[in-house]
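In what follows, a single structure is set out as structure tokens and then discussed.
The structure presented is a predicted model; accordingly, all values stated were derived computationally and were not measured.
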Amino acid sequence: MPLSPTTIENIRKLLNDVGIREEELSEQFVLGSGAGGQKINKTSCAVRLTHLPTGEWVKVQISRSREENRWLARRALAERLLEQRDGERSVRRQQQEKIRRQKRRRSRRQRARMLDDKAHHAAKKAVRRCPILED
């Protein structure tokens, strides 16, 4: 399914916001790889887009359509350059940092507090339990 005109216009705006001009881009069509069978392996539908002033490049092969991959490569390149420019403030960097914080080990104090809270909660639930009837 081809990209809609609004999607293409959004990609153009993104390129303009980042400051990328078409003259600064070098575009190559290279052989695809991966799933898709003989068709994908014989046609040059993957796009390698290089931003000449910075030397940054991306290779995109999301769809079998060469035209669609051209626009998706432009978006990927603009997002990469935007991330480099914004650094710590970029959305992608913030998401990576959030995942890193979630995976990190708890400190001794945090672990002790968590276990105290669990014990307190267990004690509250124990009070609510029905007493065991003995014969």
Side-chain angles (χ1 to χ4, degrees):
M1 185 170 129
L3 295 174
S4 68
T6 56
T7 304
I8 292 173
E9 189 57 38
N10 289 338
I11 294 172
R12 281 192 178 127
K13 286 179 185 175
L14 180 63
L15 289 170
N16 193 26
D17 290 345
V18 176
I20 300 174
R21 297 188 318 255
E22 282 293 324
E23 308 86 58
E24 298 174 338
L25 299 177
S26 169
E27 189 174 50
Q28 295 173 316
F29 300 104
V30 293
L31 285 177
S33 62
Q38 198 172 21
K39 173 73 174 164
I40 201 79
N41 297 330
K42 289 172 78 173
T43 59
S44 298
C45 62
V47 177
R48 186 174 191 270
L49 193 64
T50 307
H51 186 241
L52 298 175
T54 60
E56 282 293 320
W57 62 275
V58 292
K59 179 182 175 186
V60 174
Q61 180 199 340
I62 295 174
S63 76
R64 290 185 183 183
S65 166
R66 180 186 288 184
E67 188 64 27
E68 193 171 329
N69 285 335
R70 290 179 73 214
W71 286 105
L72 295 175
R74 281 165 171 71
R75 181 172 62 190
L77 182 65
E79 288 171 350
R80 181 175 289 181
L81 291 174
L82 191 62
E83 180 180 337
Q84 283 182 356
R85 186 182 75 186
D86 292 347
E88 291 295 322
R89 296 178 296 159
S90 73
V91 174
R92 187 171 169 195
R93 186 73 53 93
Q94 288 175 356
Q95 289 171 347
Q96 288 173 344
E97 184 65 24
K98 180 180 178 183
I99 290 171
R100 190 186 65 77
R101 282 193 310 268
Q102 288 173 344
K103 288 184 175 183
R104 119 180 122 200
R105 291 184 59 139
R106 289 191 172 101
S107 68
R108 284 184 185 161
R109 179 179 280 171
Q110 285 177 323
R111 204 173 310 126
R113 190 178 305 139
M114 180 192 63
L115 291 175
D116 287 343
D117 288 343
K118 280 186 171 186
H120 179 69
H121 189 69
K124 282 195 308 187
K125 292 190 77 122
V127 171
R128 295 184 199 145
R129 241 184 259 141
C130 291
I132 299 175
L133 300 174
E134 295 183 19
D135 291 340

| note | Note: Ala76 and Val60 closest approach over all heavy atoms is CB-CG2, 4.3 Å
| Can you name the closest pair of heavy atoms from Ala46 and Gly32 and give their distance? | CB-CA, 4.2 Å
| task | May I ask whether Leu14 and Ile20 are part of the same hydrophobic cluster, defined by side-chain heavy atoms of I, L, V, M, F, W, Y residues being less than 4.5 angstrom apart, directly or through others? | result | yes
| What is the distance from atom CZ of Arg66 to atom OG1 of Thr43, rounded to the nearest 0.5 Å? | 8.0 Å
| said: On a heavy-atom basis, which atom in Ser63 and which in Cys45 lie closest, and how many Å separate them? | reply: O-SG, 4.4 Å
| field | Closest contact, heavy atoms only, Ala73 versus Val47 | value | CB-CG1, 4.1 Å
| request: Check whether any side-chain heavy atom of Arg128 lies under 4.5 Å from a side-chain heavy atom of Lys125, and answer yes or no. | output: yes
| field | Check: Arg64 main-chain N/O paired with Asn69 side-chain donor or acceptor under 3.5 Å | value | no
| With the 4.5 Å side-chain cut-off for hydrophobic clustering, are Leu81 and Leu52 part of the same group? | no
| Between His51 and Glu56, a side-chain donor and acceptor under 3.5 Å | no
| message | Please check this pair: side chain of Gln61 against backbone of Ser33, looking for a donor-acceptor N/O pair closer than 3.5 Å. | response | yes
| request: Would you mind reporting whether Ile8 and Arg12 have side-chain heavy atoms less than 4.5 Å apart? | output: yes
| task | Mind checking the CG-CD spacing from Asn16 to Glu9? Nearest 0.5 Å is all I need. | result | 9.5 Å
| remark: Tested for side chain to side chain contact (heavy atoms under 4.5 Å, CB included) against Lys98, the lone hit among Gln95, Gln102, Gln94 is Gln102
| message | Can you list, by chain and residue number, the hydrophobic cluster partners of Ile99 when the side-chain cut-off is 4.5 Å? | response | none
| request: Applying side chain to side chain donor-acceptor pair (under 3.5 Å), name anything that partners Glu22, two or more places apart in sequence or on another chain. | output: Arg74
| query | Is there a side-chain contact between Ser44 and Val30 (heavy atoms, below 4.5 Å)? | reply | no
| From Leu15 CG over to Trp71 CH2, what is the distance, rounded to the nearest 0.5 angstrom? | 7.5 Å
| request: Please round to the nearest 0.5 Å and tell me the distance separating atom CZ of Arg80 and atom CG of Leu82. | output: 13.0 Å
| query | Can Arg70 and Glu67 be counted as an ion pair, charged N to O under 4.0 angstrom? | reply | yes
| task | Could you tell me whether the side chain of Arg106 and the main chain of Arg111 form a donor-acceptor pair under 3.5 Å? | result | no
| How many angstroms lie between atom CZ of Arg113 and atom CD of Gln110, to the nearest 0.5 angstrom? | 7.0 Å
| field | Shortest non-hydrogen contact from Trp57 toward Thr50 | value | CB-OG1, 3.7 Å
| note | When rounded to the nearest 0.5 Å, the distance separating CG of Leu77 from CD1 of Ile11 is 12.0 Å
